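The block underneath contains the structure these notes are about, expressed in structure tokens.
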Amino acid sequence: MTRPEDAEVSREVRPAPPRYRNEIGKYSVYRASHCANCGRCVETCRYGVHVRPEGYLHVLRPYDYRCIGPDCKETDCCCIDACPQGALKLSPNPVSGTMGDHRWTPDLLMSTWAMAETGRPPGRHLESEVGASGGGFDRLRFRFPDPPPSGLRREDISTRLPLNRRGDSRPRIAIDVPWYGGGMSFGSTNIRALLGKARVAKAFHGFTCTGEGGYPERFLPYKDHVITQVATGLFGVREETIQRAPIVEFKYAQGAKPGLGGHLLGDKNTPSVAAMRGTVVGVPLFSPFPFHSVYSVEDHKKHLDWIAHVNPRALLSAKVSTPVDVDMVAVGIYYAGGHIVHLDGSYGGTGAAPNVAKKNIAMPIEYAIGRVHQFLVAEGIRDRVTVIASGGVRTPADVAKAIALGADGCVIGTAELVALGCIRCTACESGRGCARGIATTDDELLEMLDIDWCTQRLVNLYAAWRLLLVDLLYRLGLDSVGALRGRTDLLTHLDYENET
């Protein structure tokens with residue numbers, strides 16, 4: 001019997017409609033009782049909001065969520081104006097306003113869903129670049145020259161990112177887009193969602209990360225694209241999983257909960273999770289903080305030397321949060337033998353991370369990136385180490401801003417879950433808490449996801465993100481994503497843009 005993970009993975013964009021009959025959109029079209037079912041709306045609307053299936057008398061609105069709202073009035077395809085009976089009325093969808101938060105606004109959620117469905121940038125009716133947090137990336141904007149330089153073509157712009165800059169004997173790994181999937185452990189997230197992440201990593205010659213829950217055997221077909229993580233609990237860490245990984249990541253701290261370690265509640269510790277982690281079923285699991293074997297750069301070097309000996313071909317990465325001395329931490333990672341410095345900021349994390357940690361601990365990621373970049377430049381080693389940023393990267397515009405501040409690339413996590421239908425209800429910690437069957441270990445909720453659907457949604461998201469990133473680089477007049485690194489002169493902060 002052929003399993004989904006045995007199939008070839010393609011980065012071809014294909015339609016991947018939502019799983020639900022009534023997807024949430026920004027607008028709703030109300031049809032009054034005096035509608036004559038003439039079908040004019042079906043003929044007029046180019047977005048497919050109205051359909052009349054063969055054999056049906058009545059016109060239906062199964063794709064109401066695709067409506068672009070008042071912007072349609074400016075086109076020749078407005079169903080409201082075309083209805084001869086005047087039976088259609090447009091109104092904001094009140095349900096959409098109940099989703100998300102200040103960082104993941106309803107518009108950002110719906111624009112991510114649109115990209116995951118179509119593989120194309122979302123419509124203008126959705127704000128797809130910034131949220132409403134009032135800080136962080138939401139206060140940064142790009143300065144675009146006018147016009148872009150002549151001779152620059154979008155198809156010639158490179159988005160490739162090399163990960164090994166040390167010039168050592170280890171593989172010269174490069175990824176096709178300057179981001180890869182973040183660590184989500186088996187136990188915190190549905191195995192089918194994790195397999196979708198692994199498959200899109202293979203399609204885009206990138207990576208996804210196991211998180212600290214161990215290495216599921218179903219990842220084996222994608223082993224060349226899976227980072228294995230060694231965290232403080234050492235759950236599922238085995239010699240064979242280290243030996244098969246092209247990148248091994250030490251997780252010293254997570255930006256969403258620095259100083260607290262990890263926590264998996266007992267109802268998520270199912271028999272399969274317990275077997276993977278070598279624990280007892282139903283018992284809550286804690287990852288201590290910190291590694292009690294690491295209190296200095298020298299201790300950290302012993303860890304990296306251990307991995308380097310077990311797997312002579314693996315690149316070595318260290319994931320850290322953003323304390324005030326993060327610049328010194330980054331230099332220590334490099335001199336200990338690390339290839340990748342992974343900075344994880346406090347804006348990220350799912351509903352499983354406590355607010356007391358997410359909102360009050362560690363340096364904001366946009367400050368940490370610049371601080372680390374400048375210190376590495378001053379040390380003369382900036383071009384010998386790869387800096388990856390994560391923690392609140394929601395859009396390709398956020399990726400570009402992080403790179404302009406000094407990062408080489410980004411890790412994304414929540415954006416991938418949103419592409420699979422997450423509505424940010426913040427119930428991730430519970431075994432049956434995820435209403436959409438994503439962050440769950442429950443067998444019944446597991447059936448809500450299909451691996452092929454997850455894969456296609458993520459392929460579409462990555463394709464749309466790449467289109468938007470290339471367009472942004474084109475408007476900036478840059479021929480590669482590497483040329484954007486450290487270009488703070490291309491950024492402006494809304495708090496200071498009016499100062500002379």
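Being a predicted model, the structure only gives us computed values, none of them experimental.
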What is the distance from atom CD1 of Ile175 to atom OG1 of Thr386, rounded to the nearest 0.5 Å?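 Atom-to-atom, Ile175:CD1 and Thr386:OG1 are 9.0 Å apart.
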Which value, rounded to the nearest 0.5 Å, describes the distance between Asn269 atom CG and Thr441 atom OG1?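 It is 8.5 Å, given to the nearest 0.5 Å.
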Look only at the side chain of [X] and the backbone of [Y], and say whether a donor-acceptor pair between them is shorter than 3.5 Å.
| X | Y | answer |
| --- | --- | --- |
| Thr322 | Met363 | yes |
| Arg457 | Ala16 | yes |
| Arg218 | Leu195 | no |
| Gln456 | Glu12 | yes |
| Asp138 | Arg103 | no |
| Lys197 | Cys209 | no |

Kindly give the heavy-atom pair with the smallest separation between [X] and [Y], and that separation in Å.
| X | Y | answer |
| --- | --- | --- |
| Pro106 | Gly97 | CG-CA, 4.2 Å |
| Thr118 | Asn460 | N-ND2, 4.2 Å |
| Gly391 | Asp344 | N-OD1, 3.6 Å |
| Ile369 | Leu343 | CA-CD1, 4.2 Å |
| Leu484 | Leu476 | CD1-CD1, 3.9 Å |
| Leu90 | Pro70 | CD2-N, 3.6 Å |

For [X], all residues meeting side chain to side chain contact (heavy atoms under 4.5 Å, CB included), sequence neighbours excluded:
| X | value |
| --- | --- |
| Ala419 | Thr112, Ala116, Leu458, Leu461 |
| Cys45 | Tyr47, Val49, His50 |
| Glu447 | Arg192 |
| Ala435 | none |

Does Tyr27 form a side-chain contact (heavy atoms from CB on, under 4.5 Å) with Ile68? I'd like the steps, not just the answer. CA-CA 7 Å; Tyr27 300 101; Ile68 68 170; 6.0 Å; no
Between Leu445 and Cys434, does the side-chain contact (heavy atoms from CB on, under 4.5 Å) criterion hold? Intermediate values first, please. CA-CA 8 Å; Leu445 294 176; Cys434 179; 5.6 Å; no
How would you list, by chain and number, every residue that makes a salt bridge (Lys or Arg N to Asp or Glu O under 4.0 Å) with Asp176, sequence neighbours excluded? Arg11, Arg160
With Glu366 via salt bridge (Lys or Arg N to Asp or Glu O under 4.0 Å) - residues at least two apart: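 Residues passing salt bridge (Lys or Arg N to Asp or Glu O under 4.0 Å) with Glu366: none at all.
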Set of residues satisfying side chain to side chain donor-acceptor pair (under 3.5 Å) with respect to Thr455, sequence neighbours excluded: Arg199
Sequence neighbours left out, what passes side chain to side chain donor-acceptor pair (under 3.5 Å) with His58? Give chain and number order. Asn37
Which pairs count as side-chain hydrogen bond (donor to acceptor under 3.5 Å, both in side chains) when at least one residue sits in residues 74-87, sequence neighbours excluded? Arg46-Asp76, Lys73-Asp81
Sub-6.0 Å ring centroid separation between Tyr496 and His493: yes
Tell me which pairs pass ring-ring contact (aromatic ring centres under 6.0 Å, His included) where either residue lies in residues 435-474, with sequence neighbours left out. Trp179-Tyr462, Trp179-Trp465, Phe204-Tyr462
Test: ring-ring contact (aromatic ring centres under 6.0 Å, His included). Region: residues 90-116. Which pairs qualify, not counting sequence neighbours? none
Near Arg436 CZ, under 6.0 Å, is it more than 12 heavy atoms from other residues, nucleotides or ligands?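 Result for CZ/Arg436: enclosed.
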Look at the rings of Phe144 and Phe142 and say which category their plane angle falls in: under 30° parallel, 30 to 60° tilted, over 60° perpendicular. tilted
Relative to the ring of His205, is the ring of His225 parallel (under 30°), tilted (30 to 60°) or perpendicular (over 60°)? tilted
Out of Asn93, Val95, Asp107, which residue meets the side chain to side chain contact (heavy atoms under 4.5 Å, CB included) rule with Lys26?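 Among Asn93, Val95, Asp107, the one that satisfies the side chain to side chain contact (heavy atoms under 4.5 Å, CB included) with Lys26 is Asp107.
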Check the pair Arg141, Val130 against side-chain contact (heavy atoms from CB on, under 4.5 Å), reporting the backbone distance first and the verdict last. CA-CA 9 Å; Arg141 299 291 187 274; Val130 298; 3.7 Å; yes
Arg487/Asp489 ion pair, N-O < 4.0 Å: yes
Thr440 versus Asn190, side-chain donor and acceptor atoms under 3.5 Å: no
Indicate every side-chain donor-acceptor pair of residues 397-411 with a distance under 3.5 Å to a residue at least two apart or in another chain.
unit_1, atom_1, unit_2, atom_2, d
Asp398, OD1, Arg394, NH2, 3.4
Asp398, OD2, Arg394, N, 3.0
Asp398, OD2, Arg394, NE, 2.9
Asp398, OD2, Arg394, NH2, 3.2
Lys401, NZ, Phe137, O, 2.9
Lys401, NZ, Leu140, O, 2.9
Asp408, OD1, Arg165, NH2, 3.2
Asp408, OD1, Arg485, NH1, 3.1
Asp408, OD2, Arg382, NH1, 3.1
Asp408, OD2, Arg382, NH2, 2.8
Asp408, OD2, Val387, N, 2.8

